[in-house]
Number of protein chains: 2
Amino acid sequence: MEETPKILDGPRCREIGRSCACYNLRRAARSITRLYDDFLRPSGLKTTQFSVLMTAKMRGPVTITKLADLTVTERTTLTRNLTILEKKGLIRIEPGLDRRERQVALTEAGHEALVKAIPLWETVQEHVEKGLGQDRLISFLTELRGIVALTR
Amino acid sequence: MEETPKILDGPRCREIGRSCACYNLRRAARSITRLYDDFLRPSGLKTTQFSVLMTAKMRGPVTITKLADLTVTERTTLTRNLTILEKKGLIRIEPGLDRRERQVALTEAGHEALVKAIPLWETVQEHVEKGLGQDRLISFLTELRGIVALTR
DNA sequence: ACGATATAAGTGTATACACACATATTCGGC
DNA sequence: GCCGAATATGTGTGTATACACTTATATCGT
């Protein structure tokens, strides 16, 4: 008559913290997000906002679904994030050719925010490149893409 | 008289999506979180909740600050997460020896939730191990710890 | 014993995330 | 041309995240 079932004491269980891909990925994501957010702070952009603006800029006017697909974000999450950027005046959301669609486009203020943020991003990115080493970073990024591919 | 400043058209800029450690880490974290949450769903636990319960279980009764430190979570974030687990009846938050402290301890229901969740976690973890390969996963986890170490 | 400082925790506010569900529009077969 | 399926988007709800600020308690130097 044990109060604590056996499964909770197995060796496998004890190493979840070390072996769980999800836990470790989320932990690292929190950690690096703070770093990037910290460097980006003078621009007024959070990392997520910076990423969305950059992607929107790269792809030109793009539908919400397409943008969500590109960034592997839930579409409904992106909708909320875009609302914030729209309120800040950094993007415009306009009707597309198809009346169901809505096109996301950067405003002038959006461009200016990116111009301010990009040098800050360069700085923190270089910090990470130096800390990890260029080669390790590159292979690490490859692994990250592998994770994304794994779950599609 | 260009409308779009030059910085937004440089080659460095065009590859942010591929080279940004933060963007790619967050993207992968979203992706794998969906996978783990999907497998864990029958247990009624989200990945985050599972991780917190496991850590609390491993460390025994532990203060909130210590638990936040272990999981590299903002203490204030953890406070909110713990509130949810407490409402679900999975943990107790009791006063510690030091009257400033509060100790987190699993309830019986918390143990039972883990017993239900662990086999589900095993399944998805094996799925990832097979998808990536054991060796790649291990070195990948090492890189993730390197990221965390980088930002401390 | 007292006051400055350090430590532990909570709250206000805002952003980020996603599932379930609802609505609007288009398209394809008939 | 009409109707069902597919597509594009929005909303309700709940969880996760973190910074700035506040409160409560303990500790340390004198």
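All heavy atoms count here, side chains included; hydrogens, waters and symmetry mates do not. First the proteins, then the strands, lettered A, B, ... as listed; each starts at 1. Everything quoted here is computed from the prediction, not taken from an experiment.
Taking a 4.0 Å limit (strictly below) on heavy-atom distances, residues 61-75 of chain A reaches DNA chain D at A:Thr63, A:Ile64, A:Thr65, A:Arg75. Less than 4.0 Å separates DNA chain D from at least one heavy atom of each of the following residues of residues 76-85 of chain A: A:Thr76, A:Thr79, A:Arg80. Contacts between residues 37-49 of chain A and DNA chain D, defined by a heavy-atom separation below 4.0 Å, involve A:Arg41, listed by number.
With B:Val52 as reference, B:Leu82 is the one residue of B:Ile91, B:Ile84, B:Leu82 to meet the side-chain contact (heavy atoms from CB on, under 4.5 Å) rule.
In this view, B:Thr71 and B:Thr73 satisfy the side chain to side chain donor-acceptor pair (under 3.5 Å) rule, not counting sequence neighbours. Looking at residues two or more places apart in sequence or on another chain, you find a side chain to side chain contact (heavy atoms under 4.5 Å, CB included) between A:Arg41 and A:Asp37, A:Asp38. Here B:Asp98 pairs with B:Arg100, B:Glu101 under the side chain to side chain contact (heavy atoms under 4.5 Å, CB included) rule; sequence neighbours left out. For A:Arg34, there are no salt bridge (Lys or Arg N to Asp or Glu O under 4.0 Å) partners, not counting sequence neighbours. Listed by chain and residue number, B:Arg26 satisfy the side chain to side chain donor-acceptor pair (under 3.5 Å) test with A:Thr33 (two or more places apart in sequence, or in another chain). Considering only residues two or more places apart in sequence or on other chains, A:Thr151 meets the side chain to side chain contact (heavy atoms under 4.5 Å, CB included) condition with B:Ser31, B:Leu35.
Applying the salt bridge (Lys or Arg N to Asp or Glu O under 4.0 Å) definition to pairs two or more places apart or across chains, those involving residues 131-146 of chain A are A:Arg136-B:Glu143, A:Glu143-B:Arg136. Screening residues 58-81 of chain B for salt bridge (Lys or Arg N to Asp or Glu O under 4.0 Å) gives no qualifying pairs among residues at least two apart or on separate chains. Screening residues 82-96 of chain B for salt bridge (Lys or Arg N to Asp or Glu O under 4.0 Å), with sequence neighbours left out, gives B:Arg92-B:Glu94.
Using a distance-only test at 3.5 Å, with no hydrogens or angles considered, no donor-acceptor pair links the side chain of B:Thr63 to the main chain of B:Gln103.
Whole-Å rounding puts the A:Lys87 NZ to C:dT13 P distance at 15 Å. Taking atom CG of residue A:Asp98 and atom P of nucleotide C:dT26, one finds them 5 Å apart after rounding to whole Å. Counting to the nearest Å, the P atom of D:dT15 and the CZ atom of B:Phe50 are 19 Å from each other. As a whole-Å value, the separation of B:Arg27 CZ from C:dA18 P is 13 Å. Whole-Å rounding puts the A:Leu97 CG to C:dC27 P distance at 11 Å.
Between B:Arg34 and C:dA18 there is a side-chain N or O to OP1 or OP2 distance below 4.0 Å. In this model, the phosphate group of C:dA16 is not approached by any side-chain N or O of B:Arg30 to a distance below 4.0 Å at OP1 or OP2.
Below the 3.5 angstrom threshold, one finds no donor paired with an acceptor across the side chain of A:Arg100 and the base of D:dT9.
The side chain of A:Arg99 lies closest to C:dT26 when the candidates are C:dT26, D:dT15, D:dT17.
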